[in-house]
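Everything numeric in this text was worked out from a predicted model, so none of it was measured.
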Amino acid sequence: MNKKSLVLILALVLALVSLTACGNKNDAASTGSTAADPAKAIVGTWLVDIEGMAKAQGVDPTDETVKTALEAAQVGFEFTADGKMNVIMGGTTTGTADYKVAGDKITMDAGAMSGVATGTSAEYAYKLDGNKLTLTIEGVEVVLVKK
């Protein structure tokens, strides 16, 4: 896979993260949670495992151009103990939403984000496995790693 393909993959990841904040609330996938108290276990900063994605696509994440792109990408979420979720893109917080954890689902109310209609919410299946958080977004599993 060439560097141009990696850039396309990074663009897809950015689009998937955006969908998480304001996507379809009827995602029916169910993956379950392995955490004893998922509401507490999810608190922290989680970044999309872009390096893992690069490796899975046969791209060398140690290549300088690829490495620079990976460092610039830094896409993910910060879940706080008070029920707030910050959307991170390019290493910068780009929006905030409220979230709730119930069973194997995370519900996000993105109405607090700029440009998103009040009352817009989305519900996604998730799975916690150690330092990995997997969200199922429109049938696609997105792996995030705890920072």
T96 vs V87, side chain to side chain contact (heavy atoms under 4.5 Å, CB included): CA-CA, chis, key distance, verdict | CA-CA 6 Å; T96 302; V87 178; over 6 Å; no

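In this structure, I42 CD1 and E78 CD are separated by 12.0 Å, a value rounded to the nearest 0.5 Å. Note: N86 CG to T92 OG1 = 12.0 Å, rounded to the nearest 0.5 Å. Atom NZ of residue K105 and atom CG of residue L135 lie 11.5 Å apart, to the nearest 0.5 angstrom. The distance from the CG atom of D109 to the CE atom of M85 is 9.5 Å, given to the nearest 0.5 Å. Between the OH atom of Y99 and the CZ atom of F79 there is a distance of 6.5 Å, given to the nearest 0.5 Å. To the nearest 0.5 Å, atom CD of residue E141 and atom OG1 of residue T134 are 6.0 Å apart.
Residues I50 and M89 share a hydrophobic cluster, clusters being chains of Ile/Leu/Val/Met/Phe/Trp/Tyr side chains in contact below 4.5 Å. The same ILVMFWY cluster, assembled from side-chain heavy atoms under 4.5 Å apart, contains both V43 and Y124.
Evaluation of the ring-ring contact (aromatic ring centres under 6.0 Å, His included) test over residues 128-147, restricted to residues two or more places apart or in two chains, returns none.
When the side chain to side chain contact (heavy atoms under 4.5 Å, CB included) test is applied to L47, the partners found at least two apart in sequence or on another chain are T45, I88, K147. Partners of K132 under the side chain to side chain contact (heavy atoms under 4.5 Å, CB included) rule, at least two apart in sequence or in another chain, are V143.
Using a 4.0 Å cut-off between a side-chain N of Lys or Arg and a carboxylate O of Asp or Glu, D98 and K84 qualify as a salt bridge.
Across all their heavy atoms, L144 and W46 have their closest contact at CD2-O, 3.5 Å.
Looking only at side-chain heavy atoms (C-beta outward), Y126 and L133 come within less than 4.5 Å of each other.
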